[in-house]
2 protein chains.
Amino acid sequence: MTDAEYVNIWMRPERPARGPKPAYSRAQIAEAAVRIADAEGLEAATMRRIAAEIGAGAMSLYRYVPSRDDLVLLMADRLMGEIDVDGMPSGDWRADLTRYAHGLRAMWLRHPWIATAQRALPVLGPQQLRLIEAVMGALDAHVPIDENLALMALLNGYVEGAARDEVSWAEEVRRSGVSESEWLARSYPYVQQLLESGQYPIFGRIATEARQPRMGRDEQFGSGLQRVLDCIAAALPAALPSDGQAGATAPVPPRCP
Amino acid sequence: MTDAEYVNIWMRPERPARGPKPAYSRAQIAEAAVRIADAEGLEAATMRRIAAEIGAGAMSLYRYVPSRDDLVLLMADRLMGEIDVDGMPSGDWRADLTRYAHGLRAMWLRHPWIATAQRALPVLGPQQLRLIEAVMGALDAHVPIDENLALMALLNGYVEGAARDEVSWAEEVRRSGVSESEWLARSYPYVQQLLESGQYPIFGRIATEARQPRMGRDEQFGSGLQRVLDCIAAALPAALPSDGQAGATAPVPPRCP
DNA sequence: CACTACTGAGTACGTTGTACGCGGTCATGG
DNA sequence: CCATGACCGCGTACAACGTACTCAGTAGTG
């Protein structure tokens, strides 16, 4: 029975009752780790590197965090804290969900490594709980809790899927050390060969016709989001337009810092 | 200029022109790697372990694959090959997309480690190209190629998001070595504490009320999928019902082995 | 038949997460 | 007020990882 009573990173008290004051804090460690991951990717945020960043010895971190996996949990929850859901639920569910979705996407774009840090659902850190209360609260009055859960999963799935697409490119570029233009140049012969084989007509049209999207990334995300929100609206009890507006025009100006 | 002319794993010829016959093949190696990853997770599929599985020396694999990352690409494309899209496009886009979506989800459930193997978009292996042709072909006659791309991203995002949710649980259980019931038991005090704090009323209702979903996983996925397909239908040019059916009842019986 | 490009494999290196144990420090029980 | 022991930060050490380098053997080519 070594650590049989170990339960959960969020249960483990930050400050012990006895002994000398800790020189650092979990928040400080997570902050440094996030800083490194932002600059050089999650795989660069090794225990030694993080310790060096805050000026500590390598093994000191294990006084604060039981394992690197738990530290990643801390980092992920810290990121959730960046999403602004103040004043939610406001009564206008569509506005709330739109703001949350743009905030979530913006956070992903700021911290692309979240794509590889994503673990199972039950993280349940304080910041994630805050998001659950704010965002699911927006639909809470209109649908049963099961349905709400499913709708949130749909919304989160769209946002994270879209963000993952946008982000994975940049991540791959950084990880492999090959610039985007260089990658294109290297892929050119392969793509050319695919085109000439004639076996892939649709991919060929993607490669040749769909080169420049007529919408910017933000607009593309926003219009897809409106489609998803229409889906959600359709699942709500009828005669519940949320506000006067509906359809493809965003009822709330997308605020995407 | 060591490997400056290295382009792409798919360009590198499997068999060289000269020299003795290779004892193994890429397909065989990828097969073994998939077998190990299925049984023990992707992180267990190390180069040494794979080599041992096929009875080769550790370093021999590098004769076939330039790096482990490229091997993971091979594995991912092999998985795409499991998805049955024969006869697509059939003319009934809704049936085609439904079949594809169920096939994709089933593949994810068979190989949960794909969640952590997922890299950037431009994998473009032969199997993925096959899927692109078959699935995007279903909508090709109805929408411009850009729109088609966006709709496929929406569908893939839903399926992969849903599959990721289902799968990440199992992955976490295997990775941490903690069984689901044990995890629940360990989390109990934490959840209890959250409930008693009274700060998280909605999470509280999730924990207490939404315990048993009234639909099975398959049904839940299927009904969500129909919602997404409704979304896609709405984006198509009007008066294009695909077939007589529409709405929440699946026009095609979900085949999910 | 000679040549040579290619084969599978062994050894070795740098980096990772982390188990273990040390000497010092400070809140607390008597 | 002081002795005690829980806790601090940290150094050392280890196993496992990806993979660079090297070599003797082999089979297709001229």
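Reminder, nothing fancy here: chain letters follow the sequence lines and each chain counts from 1. Since the structure is predicted, the reported quantities are computational estimates derived from the model, not experimental observations.
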> Which nucleotide wins on minimum distance to the side chain of A:A56, given the candidates D:dC10, C:dG8, C:dT16?
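Per side-chain heavy atoms of A:A56, the pick is D:dC10.
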> Measuring from the side chain of B:M59 (C-beta onward, heavy atoms only), which nucleotide among C:dG17, C:dT11, D:dC17 has the closest atom?
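Minimum distance to the B:M59 side chain belongs to C:dT11.
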> Choosing from D:dG9, C:dT18, D:dT19, which nucleotide comes nearest the side chain of A:A23?
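Of all the options, the side chain of A:A23 is nearest to D:dG9.
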> Would you classify B:S60 as touching base, sugar-phosphate or nothing, given that sugar-phosphate means primed atoms plus P, OP1 and OP2, and contacts are heavy atoms under 4.0 Å?
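The answer is base, as B:S60 lies within the cut-off (heavy atoms under 4.0 Å) of a base atom.
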> Rounded to whole angstrom units, what separation is found between the CZ atom of A:R68 and the C1' atom of D:dC17?
14 Å
> Does A:R63 get its side chain close enough to the base of D:dG9, under 3.5 Å, for a donor-acceptor pair?
yes
> Within this structure, what is the CD1-to-C1' distance between B:I54 and C:dA9, rounded to whole angstrom?
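Atom-to-atom, B:I54 to C:dA9, this comes out as 13 Å.
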> Is the base of C:dT18 touched by the side chain of A:R48 through a donor-acceptor pair closer than 3.5 angstrom?
yes
> Please report, rounded to the nearest Å, how far the C1' atom of C:dG10 is from the CG atom of B:L61.
14 Å
> Looking at every heavy atom in both B:R130 and B:I83, which two are closest together, and how far apart are they?
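Answer, listing the atom of B:R130 first, then B:I83: NH2-O, 2.9 Å.
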> Rounded to whole Å, please give me the gap between CE in A:M47 and C1' in D:dT12.
17 Å
> Round to a whole Å and report the spacing from OH of B:Y24 to P of C:dT7.
13 Å
> If you find the nucleotide of DNA chain D closest to B:R49 and the one closest to A:G55, which residue's nucleotide is nearer the 5' end?
A:G55
> Indicate the ring-plane relationship of B:F221 and B:Y158, choosing parallel, tilted or perpendicular according to the 30° and 60° boundaries.
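Geometry flag for B:Y158 against B:F221: parallel rings.
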> Are B:N156 and B:Y100 linked by a side-chain donor-acceptor pair shorter than 3.5 Å?
yes
> Quick check: do A:L71 and A:M47 have side-chain heavy atoms less than 4.5 Å from each other?
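The answer is yes, as the side chains (C-beta and beyond) meet within the 4.5 Å cut-off.
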> Run the salt-bridge test on B:E40 and B:R49 with the 4.0 Å N-O cut-off and return the result as yes or no.
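Salt bridge between B:E40 and B:R49, a charged N being under 4.0 Å from a carboxylate O: yes.
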> Once you round it to whole Å, what is the distance between P of D:dG9 and CD1 of A:I50?
15 Å
> Could you tell me the separation between the OH atom of A:Y64 and the P atom of D:dC10, rounded to a whole number of Å?
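My rounded result for the distance is 9 Å.
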